[in-house]
Amino acid sequence: MTNGCRLAYVAGLILGVMGILGAHGGSLTQAPADGLLKIPVAGSKRKPPVKFSHRVHEARRVACAQCHHDYQGRRNVWQEGQTVEKCQACHGPRPEARRLDLKNAYHRQCKGCHLRLRQQGRQAGPIECQTCHRPT
(Lines give C-alpha, C1' and ligand atoms only; values in the text may rest on other atoms or scores of the structure.)
Protein backbone atom coordinates (compact mmCIF):
# COMPACT_ATOMS: atom_id res chain seq x y z
CA MET A 1 0.00 0.00 0.00
CA THR A 2 1.40 3.38 -0.96
CA ASN A 3 1.67 6.32 1.44
CA GLY A 4 -1.17 8.09 -0.36
CA CYS A 5 -3.45 5.05 0.06
CA ARG A 6 -2.56 4.73 3.74
CA LEU A 7 -3.29 8.40 4.31
CA ALA A 8 -6.66 8.15 2.54
CA TYR A 9 -7.52 5.01 4.55
CA VAL A 10 -6.65 6.69 7.90
CA ALA A 11 -8.53 9.87 6.94
CA GLY A 12 -11.60 7.80 6.02
CA LEU A 13 -11.39 5.90 9.27
CA ILE A 14 -11.17 9.12 11.30
CA LEU A 15 -14.12 10.66 9.44
CA GLY A 16 -16.15 7.49 10.00
CA VAL A 17 -15.49 7.55 13.75
CA MET A 18 -16.33 11.26 13.90
CA GLY A 19 -19.60 10.56 12.07
CA ILE A 20 -20.53 7.84 14.55
CA LEU A 21 -19.75 10.10 17.50
CA GLY A 22 -21.79 12.90 15.92
CA ALA A 23 -24.76 10.57 15.49
CA HIS A 24 -24.61 9.83 19.23
CA GLY A 25 -24.66 13.47 20.29
CA GLY A 26 -20.89 13.76 20.57
CA SER A 27 -20.38 11.21 23.35
CA LEU A 28 -20.86 7.50 23.65
CA THR A 29 -20.84 7.84 27.42
CA GLN A 30 -23.51 10.55 27.72
CA ALA A 31 -26.30 9.54 30.09
CA PRO A 32 -29.82 9.09 28.73
CA ALA A 33 -32.36 11.58 30.12
CA ASP A 34 -34.75 8.92 31.45
CA GLY A 35 -34.75 5.17 31.63
CA LEU A 36 -36.37 2.14 33.21
CA LEU A 37 -34.55 0.07 35.79
CA LYS A 38 -35.70 -3.52 35.37
CA ILE A 39 -34.97 -6.51 37.53
CA PRO A 40 -35.46 -9.73 35.55
CA VAL A 41 -37.44 -11.89 37.99
CA ALA A 42 -39.82 -14.68 37.07
CA GLY A 43 -43.03 -15.47 38.90
CA SER A 44 -45.41 -13.58 41.16
CA LYS A 45 -42.71 -11.46 42.88
CA ARG A 46 -42.28 -9.30 39.79
CA LYS A 47 -42.83 -5.60 40.35
CA PRO A 48 -43.13 -2.94 37.65
CA PRO A 49 -39.83 -1.39 36.53
CA VAL A 50 -38.66 1.84 38.17
CA LYS A 51 -38.58 5.01 36.09
CA PHE A 52 -35.21 6.64 36.68
CA SER A 53 -34.31 10.16 35.57
CA HIS A 54 -30.66 11.09 35.05
CA ARG A 55 -31.87 14.63 34.40
CA VAL A 56 -33.34 14.98 37.93
CA HIS A 57 -30.20 13.56 39.56
CA GLU A 58 -27.92 15.81 37.50
CA ALA A 59 -30.04 18.85 38.45
CA ARG A 60 -29.61 17.91 42.12
CA ARG A 61 -25.84 17.68 41.53
CA VAL A 62 -25.52 13.97 42.28
CA ALA A 63 -22.03 12.96 41.13
CA CYS A 64 -22.04 10.15 38.56
CA ALA A 65 -19.59 8.13 40.67
CA GLN A 66 -22.11 8.00 43.51
CA CYS A 67 -24.02 5.41 41.48
CA HIS A 68 -21.68 4.17 38.76
CA HIS A 69 -18.83 2.14 40.11
CA ASP A 70 -15.97 -0.21 39.42
CA TYR A 71 -14.71 -1.39 42.77
CA GLN A 72 -11.16 -2.60 43.03
CA GLY A 73 -10.71 -3.64 46.59
CA ARG A 74 -12.83 -1.25 48.63
CA ARG A 75 -12.20 1.70 46.32
CA ASN A 76 -14.39 2.91 43.45
CA VAL A 77 -12.01 3.59 40.56
CA TRP A 78 -14.73 4.48 38.03
CA GLN A 79 -14.44 8.04 36.72
CA GLU A 80 -16.83 10.17 34.72
CA GLY A 81 -16.33 9.61 31.00
CA GLN A 82 -15.54 5.92 31.34
CA THR A 83 -17.85 3.35 29.82
CA VAL A 84 -20.94 2.59 31.89
CA GLU A 85 -21.73 -1.10 32.07
CA LYS A 86 -25.25 -2.33 32.70
CA CYS A 87 -25.74 -3.26 36.34
CA GLN A 88 -26.59 -6.81 35.21
CA ALA A 89 -23.04 -7.21 33.86
CA CYS A 90 -21.84 -7.74 37.44
CA HIS A 91 -24.98 -8.15 39.55
CA GLY A 92 -26.95 -11.29 38.71
CA PRO A 93 -30.23 -12.73 39.96
CA ARG A 94 -28.44 -14.23 43.00
CA PRO A 95 -25.59 -12.91 45.15
CA GLU A 96 -22.12 -14.17 44.25
CA ALA A 97 -18.71 -13.90 45.95
CA ARG A 98 -19.03 -10.54 47.72
CA ARG A 99 -21.41 -9.14 45.08
CA LEU A 100 -25.01 -8.23 45.76
CA ASP A 101 -27.76 -9.60 43.57
CA LEU A 102 -29.33 -7.06 41.21
CA LYS A 103 -32.41 -6.33 43.35
CA ASN A 104 -30.38 -5.61 46.48
CA ALA A 105 -27.76 -3.66 44.53
CA TYR A 106 -30.47 -1.32 43.19
CA HIS A 107 -32.18 -1.04 46.57
CA ARG A 108 -28.98 -0.39 48.50
CA GLN A 109 -27.82 2.18 45.95
CA CYS A 110 -31.06 4.11 45.43
CA LYS A 111 -33.06 3.61 48.59
CA GLY A 112 -29.92 3.78 50.73
CA CYS A 113 -28.95 7.17 49.29
CA HIS A 114 -32.48 8.52 49.71
CA LEU A 115 -32.56 7.34 53.36
CA ARG A 116 -29.19 8.95 54.13
CA LEU A 117 -30.36 12.26 52.66
CA ARG A 118 -33.55 12.16 54.75
CA GLN A 119 -31.55 11.44 57.90
CA GLN A 120 -29.52 14.56 57.13
CA GLY A 121 -32.75 16.56 56.84
CA ARG A 122 -32.28 17.06 53.11
CA GLN A 123 -34.73 16.63 50.24
CA ALA A 124 -34.64 13.09 48.92
CA GLY A 125 -36.34 10.72 46.55
CA PRO A 126 -38.85 8.01 47.43
CA ILE A 127 -38.20 4.99 49.64
CA GLU A 128 -41.59 3.21 49.60
CA CYS A 129 -42.04 0.27 47.20
CA GLN A 130 -45.22 1.55 45.52
CA THR A 131 -43.72 5.03 45.01
CA CYS A 132 -40.94 3.66 42.80
CA HIS A 133 -42.57 0.54 41.36
CA ARG A 134 -45.55 1.95 39.45
CA PRO A 135 -47.24 0.39 36.44
CA THR A 136 -46.08 2.08 33.24
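Values in this document were obtained by computation on a predicted structure and should not be read as measured data.
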Taking the side chain from [X] and the backbone from [Y], do they hold a donor-acceptor pair closer than 3.5 Å?
X: N76; Y: A65; answer: yes
X: R61; Y: E58; answer: no
X: Q82; Y: D70; answer: no
X: H133; Y: P48; answer: yes

query: Should the heavy atoms of other residues, nucleotides or ligands under 6.0 Å from CD of Q120 be counted, would the total exceed 12?
result: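 Above 12, so yes.
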- request: Any chance you could lay out the ring pair (Phe, Tyr, Trp, His ring centres under 6.0 Å) test for H91 and Y106, step after step, and finish with the verdict?
  value: CA-CA 9 Å; H91 299 280; Y106 277 143; 8.3 Å; no
Roughly how far, to the nearest 0.5 Å, is [atom2] of [Y] from [atom1] of [X]?
X: Q79; Y: H69; atom1: CD; atom2: NE2; result: 15.5 Å
X: H114; Y: Q123; atom1: NE2; atom2: CD; result: 10.5 Å
X: L117; Y: R60; atom1: CG; atom2: CZ; result: 9.5 Å
X: F52; Y: C110; atom1: CZ; atom2: SG; result: 6.5 Å
X: E85; Y: H68; atom1: CD; atom2: NE2; result: 11.5 Å
X: K103; Y: K47; atom1: NZ; atom2: NZ; result: 6.0 Å

Shortest non-hydrogen contact between [X] and [Y], atoms and distance:
X: R134; Y: T131; answer: NE-O, 3.0 Å
X: K111; Y: I127; answer: CE-O, 3.4 Å
X: P93; Y: D101; answer: O-CB, 3.7 Å
X: R99; Y: C90; answer: CD-O, 3.5 Å
X: A124; Y: R118; answer: CB-CG, 3.8 Å

query: Is V50 reachable from L102 through a run of I, L, V, M, F, W or Y residues, each pair having side-chain heavy atoms under 4.5 Å apart?
result: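 Same cluster: L102 reaches V50 through Ile, Leu, Val, Met, Phe, Trp or Tyr contacts under 4.5 Å.
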- prompt: Taking C-beta and beyond as the side chain, do N104 and P95 meet within less than 4.5 Å on heavy atoms?
  reply: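 SC-SC contact between N104 and P95 ruled out.
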field: side chain to side chain contact (heavy atoms under 4.5 Å, CB included) between W78 and C64, worked out
entry: CA-CA 9 Å; W78 186 88; C64 300; 3.7 Å; yes
- prompt: Looking at residues at least two apart in the chain, or sitting in another chain, which of them share a side chain to side chain contact (heavy atoms under 4.5 Å, CB included) with R108?
  reply: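 Side chain to side chain contact (heavy atoms under 4.5 Å, CB included) check on R108 returns L100.
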